[in-house]
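For clarity, every value in this text was computed on a predicted model and none was experimentally measured. Here is the naming used below: chain letters follow the sequence lines, and residue numbers restart at 1 for every chain.
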Amino acid sequence: TRAYNALLKGYVKIGALKDAELIFLDMEHCGVSPNEGTYSLLIDAYMSAGRWESARILIKEMEENDVRPNSYVFSRILANLRDKGDWQKSFAILREMRSNGIHPDRHFYNVMIDTFGKYNCLHHAMDAFDKMRFDGIKPDEITWNTLIDAHCKAGRYDKAMFLFENMQENGCSPCTTTYNIMLNSLGEQGRWEELKEMFEGMKKQGLLPNVVTYTTLVDAYGKSGRFKEAIECLEAMKAGGMKPS
RNA sequence: CAGUGCAUUA
């Protein structure tokens, strides 16, 4: 099985899906049982090829062979669908998981929230968030960031700010990424004083500005014609030992 | 062993 998996990995990596399928069939023909890694590899390959139906067939086959699909596999599937814009299939995936008795883990929920957020389904995103907590999974700093960013992108700035405070009340401290999201949002709104406050608050917490932080600021200032603050940020970036992209 | 979030850019 190990040998076959290694071989499969090679074929998948170069995109020879057809050959990978042949090897998989050969495994069964030789009586070598596929394991969870075997299936993950193939499902992954199908997803990158946009063949969701083939992936689903494999999942069925897994349950017939008593190989338990992981929450990991489903996260990969969902992330792939998200990048293709097929967010509606999230529900089908959830059903698929439930029918196999698999509990979504934190990563999976984070991907799901992000998926809904990216397509402006904030209500579904919040539902997923609630369901996550109901399942006894503590929201991550990543969970909060994705939620906040989703609301920012949808123009729900009030709610985003609310979540930003809510996050801290729940014992999760904002990280650099959190601030990057907030800074980007404030810049798009042209709320320059609050942006400055936010930036200082960040440094007050002992958080170091990032390459992303600076490019966010430079872009915001530059696009609005505030060239001197843009240049100041560029200088600060270089002083921090970073290279502009 | 592997999966999730933020900016710019073709």
Side-chain angles (χ1 to χ4, degrees), chain A residues 1-2 5-6 8-9 12-13 35-48 55 59 68-83 87 90 93 97 102-119 122 125 128-129 132 137-154 157 160 163-164 167 172-189 195 198-199 202 207-224 230 233-234 236-237 240 242-245:
Chain A
T1 305
R2 258 183 93 105
N5 282 359
L8 267 179
K9 191 170 187 171
V12 167
K13 188 163 268 175
N35 90 25
E36 193 208 303
T38 316
Y39 283 112
S40 306
L41 227 37
L42 268 181
I43 289 174
D44 226 17
Y46 280 137
M47 288 316 297
S48 330
I59 291 171
R68 290 243 143 254
N70 224 345
S71 186
Y72 162 83
V73 177
F74 288 98
S75 303
R76 300 277 300 145
I77 293 177
L78 186 53
N80 260 296
L81 291 175
R82 174 200 55 194
D83 295 338
W87 63 270
S90 305
I93 292 177
M97 288 178 78
I102 298 165
H103 298 285
D105 66 357
R106 182 184 286 112
H107 276 250
F108 182 85
Y109 275 120
N110 286 345
V111 181
M112 194 159 80
I113 291 170
D114 186 47
T115 302
F116 289 135
K118 286 230 163 40
Y119 296 95
L122 294 187
F129 181 69
M132 175 179 180
I137 299 178
K138 254 205 180 315
D140 208 343
E141 114 197 322
I142 294 186
T143 314
W144 289 103
N145 290 346
T146 23
L147 254 191
I148 292 172
D149 189 48
H151 284 83
C152 286
K153 293 281 158 52
Y157 303 122
L163 287 168
F164 179 69
M167 166 185 195
C172 211
S173 350
C175 64
T176 304
T177 300
T178 317
Y179 278 102
N180 290 345
I181 293 167
M182 293 305 287
L183 290 172
N184 186 38
S185 171
L186 290 172
E188 280 175 357
Q189 301 170 65
L195 186 145
M198 186 67 69
F199 188 49
M202 171 182 180
L207 291 173
L208 290 177
N210 220 345
V211 192
V212 177
T213 315
Y214 283 121
T215 48
T216 303
L217 291 175
V218 171
D219 185 59
Y221 283 133
K223 282 198 155 144
S224 62
C233 287
L234 268 176
M237 170 163 36
M242 290 168 255
K243 294 170 200 140
S245 47

Nucleotide [N], atom [atom2] - distance to [atom1] of [X] in whole Å:
X      : N     : atom1 : atom2 : answer
A/L183 : B/rU8 : CG    : P     : 13 Å
A/N35  : B/rC1 : CG    : C1'   : 11 Å
A/Y109 : B/rU4 : OH    : P     : 19 Å
A/R76  : B/rA2 : CZ    : C1'   : 8 Å
A/M47  : B/rU4 : CE    : C1'   : 15 Å
A/L81  : B/rG3 : CG    : P     : 18 Å
A/R2   : B/rA2 : CZ    : C1'   : 14 Å
A/I113 : B/rU4 : CD1   : P     : 15 Å

Measure from the side-chain N and O atoms of [X] to the backbone N and O of [Y], and report whether any donor-acceptor pair falls under 3.5 Å.
X      : Y      : answer
A/N80  : A/R76  : yes
A/S185 : A/I181 : no
A/N70  : A/V73  : no
A/S71  : A/D105 : yes

Would you call the rings of A/W87 and A/Y119 parallel, tilted or perpendicular if under 30° counts as parallel and over 60° as perpendicular?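 Plane angle under 30°, so parallel.
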Report yes if a donor N or O on one partner sits less than 3.5 Å from an acceptor N or O on the other, where the partners are the side chain of [X] and the base of [N]; otherwise report no.
X      : N     : value
A/T216 : B/rA7 : no
A/D105 : B/rG3 : yes
A/S245 : B/rU8 : yes

So [X], base contact, sugar-phosphate only, or nothing? Heavy-atom distance under 4.0 Å.
X      : value
A/C233 : nothing
A/S71  : base
A/R82  : sugar-phosphate
A/K9   : nothing
A/N70  : base

Does a side-chain N or O from A/K243 land closer than 4.0 Å to OP1 or OP2 of B/rU8, or not?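 No.
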Counting just side-chain N and O atoms, does A/K118 come under 4.0 Å of either OP1 or OP2 of B/rC6?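 Yes, such a contact exists.
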Looking only at side-chain atoms of [X], point me to the closest of [options].
X      : options             : value
A/T215 : B/rA7, B/rU4, B/rA2 : B/rA7
A/I142 : B/rG3, B/rU8, B/rU4 : B/rU4
A/D219 : B/rA7, B/rC6, B/rA2 : B/rA7

From A/C172 SG over to A/M167 CE, what is the distance, rounded to the nearest 0.5 angstrom?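 One finds 4.5 Å between SG of A/C172 and CE of A/M167.
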